[in-house]
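A quick write-up on the structure given underneath.
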Amino acid sequence: MFLISIFIGVGFSVAQTCPDNIGFEKGDFSKWQSFAGSVTLDAAGANLVTVGKITPINGRHTIISKKTEKDYYGGFSTISPNGSNYAVKLGDDGTGKQAERLTYTIEVPANAENFGITYQYAVVFENPPGHSHSQQARFTANVLDLSTNNYIKCASFEYVATSNLPGFKQSPVKEGVLYKDWTSVFINLSDYKGKTIVLEFTTADCALSGHFGYAYVDVIENCHDIIQGNSYCDSSNEINLTGPAGYEKYLWYNEDRSVKYGEGEKLVVKPALQPGKKVLLDLIPYEGFGCKNTVFTVIKNENFDFQLLAKTTICEGSSIDLTTDKILLNKSISTTYQFYANELLTTLVPEPNKIDKPGRYFIKAIGANGCSQVKFIDIILNESLKAEVLASINSCDNSPIDLTSHLVQKNVPSGVKVRYFENIELTKAVTDPKSINKNGTYYIQFENETCTLIKTVMVQIFDKPVLKITNPALACNTQTIDITDKKYKVGSDEDLTFSYFKDDSFKIILDNPSSVDQTGYYYIIAKNKNGCIVSNKIYVEFVSFPVLVVKNPVAVCAPNKVDLTNKGLYEGSTEALNFSFVDKLTGLKVQNPNAIVSSGTFIITATNIAGCSVSKEITTTVNQKPSIVINQPSKAFIGQTIDLTSPLVTKGSTHFTKVGYWFDDKMRNKLDNPDKITKSGKYYISLSNLSGCDVVGEVEVELVSEPKIIVPTAFTPLKSTNNKLFPFIDGIQKLVSFRVYNKWGNLVYETSSAKDSDGWDGTYKNNLQPFETYSWFAEGISRIGKTFTNKGKTVLIP
């Protein structure tokens, strides 16, 4: 960001006229050209500003006129302290690589021995870390010579965050923002007589788009010599010279440099130099900000003539302004005036613009060259006219004001002519004094045959104050409400002061508006800074604490859950309550109060619409069910029995005290002899504990037929039927082996397959065995998982 106020003074060795509106004193941009565009980096990484001519953009080319306005980031005045009435804000604190420019074209007089430009600047900008010089936001002040279309080197300056100028400070408002308060710079352009030059002021944001820059521009409309104070009066024994601002060093010499008068921006020479003497001044700039050059001035003698009105009259109750050009007949802006009440000049007049007492007043005029002169004026009182006028009158509801009303003017003698004006010069008459609808100072002129009395009245027409009230939320009857809290007045004017009352006639003051504890309406009067009043009311309501009745829920058996949100548990409680639950043991909020899975104690809090709450405990009982493990009993043969009461059947089960045996899982049909089950099927065992919780498990009983292995007593390998020997099995879940031996005990065949296709074909080692008797042995696993064996003999018949 850049804040720049630029003051430019043009001085000549002969009288001349300043360029029109060079200081924006017309309050507009006439004679100036405005531009806007953007900043970027070129292919070489250098800073490049591109702008085009436009009409001024409010917010980026903005006239500033408020002398009390302070810069947000630096806290300094946005108008420089040189007495100017206007400045221009160039740019803003937005980002986006914006650039702004203002230019002014000046014809340098051909007969100007000395020509120079003095400007003051104040810069404010963001100083981001890691940015190069070419990337930084910046302010440039250039002078363009149109004859060559080149910038004048010694008159062109660039101010960036990385510049070596002293005086930069950290903003107290925002970290990373630097600013530099008002500083003066002089540019010597004496070598450009008769040429056309262009003053050019440019602000540009950071070239990477993220940081801002803006400026204030102002120009002094008083054109002086480059060196000021080169004239003096006969009564002075010294001369005070002042060089142009903004240089690092100032060296003062006589014309042939044989005498060095001194150093510094200001020089006092005693005794005063004689008229016609030439004084040289070497100007040495700060490094990188201008070129060394020499300017001169010629000492001259001037007479000082102060002209003052000899006397004037005032009417009773009126005043006169001694500072106007009606009293100071040759008033000059370069002359300083001092006002005294005595001839010895020891008693200053505190308000010379408001003289309301007759007498002799002494005025000392001091010229720019240090010459002074004292004269006096006699103020004579004319008592022939008296009238009283109210100093100010307000309207608080936008209604017009009647200046002719007896509320405004009193004790006006009969026969007095009264007229009303909008300006102190009494040139702009009020068209309708009975209906004034515009703020300002109005002048009432009372006139009789010998005296004219002028009184002022300040008219202020204000909007009606805005007082918006939001009633407080319901509160508990043990609380209090602070009706002075701003949150109940959101949307009201900010400058209001409040009074609080118990009644709508505003007679009974409410003593404790910050701690109201009774239901009802309360009444408020609000007054703004202009004295305007508005009223409203606020309603406060208190409610009782809720009634909470709690009944512990019945015990349940896991995995059943308890629902703490069941309304039946709170029958008898106040209606429309909101409930919250906290585990008493852990202090944590219960996330699923409708599905409590364990026993415990919980804190239930019931809250009504006013936020009033009451808490009680509620206890849940969730009993543990027995844990059942069913071990299926071993199979048995038909005709045997199976004992379901064997502890092995329920081995691994826990938390039970009683066992039951059933035909169904609903435990409706009980088994009479669970220890002697003789029939295959599904049966059910229940386990119960002392809490009344039970669990049912299914058990399957299987009774199977006894195993059989049968082998034919003879077989004929060479026939088409009955030609293989194999075992017939019944009640066998798996054949382990089938072996055949000859009469000598040799194993001639073995298999584990019961298929007829896999039977013995009567051969051994590919040879058909002889007709004789063979022995066989068979082994298998029965359906109850036990080993079963059989043996026998068979005859091989060829």
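Predicted model only: the values in this text are computed from it and were never measured.
A salt bridge links Arg60 with Glu100: the distance from a Lys NZ or Arg NE/NH1/NH2 to an Asp or Glu carboxylate oxygen falls below 4.0 Å. Between Lys438 and Glu422 there is a salt bridge, with a side-chain nitrogen of the basic residue lying less than 4.0 Å from a carboxylate oxygen of the acidic one. Lys410 and Glu388 are not joined by a salt bridge, as no carboxylate oxygen comes within less than 4.0 angstrom of a charged side-chain nitrogen.
In this structure, Glu449 places its CD atom where only 12 or fewer heavy-atom neighbours from other residues, nucleotides or ligands lie under 6.0 Å away. When the shell of 6.0 Å around CD of Glu69 is examined, it contains more than 12 heavy atoms from other residues, nucleotides or ligands. Under a cut-off of 6.0 angstrom, the local environment of NZ in Lys464 is sparse, with at most 12 non-hydrogen atoms contributed by other residues, nucleotides or ligands. Within 6.0 Å of the NZ atom in Lys169, the count of heavy atoms belonging to other residues, nucleotides or ligands does not exceed 12.
Using a 4.5 Å heavy-atom cutoff, the side chains of Tyr340 and Phe376 are not in contact. Side-chain contact between Phe201 and Trp32: present, with at least one pair of heavy atoms (C-beta onward) separated by less than 4.5 Å. Looking at Ile377 and Ile327, their side chains come closer than 4.5 Å, going by heavy atoms from C-beta outward. The side-chain heavy atoms of Ile525 and Ile533, taken from C-beta on, include a pair separated by under 4.5 Å. Under the 4.5 Å side-chain criterion, counting only non-hydrogen atoms from C-beta, Ile355 is not in contact with Ile314.
Among residues two or more places apart in sequence or in another chain, the ring pair (Phe, Tyr, Trp, His ring centres under 6.0 Å) test is passed with Phe498 by none. Qualifying side-chain hydrogen bond (donor to acceptor under 3.5 Å, both in side chains) partners for Gln33, counting only residues two or more places apart in sequence or in other chains: none.
A donor-acceptor pair under 3.5 Å is formed between the side chain of Asn21 and the backbone N or O of Lys26. Although no hydrogens or angles enter the test, the distance criterion places no donor-acceptor pair under 3.5 Å between the side chain of Asp325 and the main chain of Leu329. One N or O on the side chain of Lys489 and one on the backbone of Ile483 form a donor-acceptor pair closer than 3.5 Å. Side-chain atoms of Lys375 come within 3.5 Å of backbone atoms of Phe306 as a donor-acceptor pair (strictly under, hydrogens ignored). Asp432 places no side-chain N or O within donor-acceptor distance of the main-chain N or O of Ile436, the cut-off being under 3.5 Å. Side-chain atoms of Asp71 never come within 3.5 Å of backbone atoms of Phe76 as a donor-acceptor pair (strictly under, hydrogens ignored). At least one donor-acceptor pair under 3.5 Å links the side chain of Asp493 to the backbone N or O of Val466. With hydrogens and angles disregarded, no donor-acceptor distance shorter than 3.5 Å links the side chain of Asn471 to the backbone of Ile538.
To the nearest 0.5 angstrom, Thr431 atom OG1 is 9.0 Å from Lys428 atom NZ. The CD1 atom of Ile481 lies 9.0 Å from the OH atom of Tyr522; values are rounded to the nearest 0.5 Å.
Aromatic pair Tyr73/Tyr179: centroids not less than 6.0 angstrom apart.
No hydrogens or angles considered: nothing links the side chains of Glu351 and Asn353 as a donor-acceptor pair under 3.5 Å.
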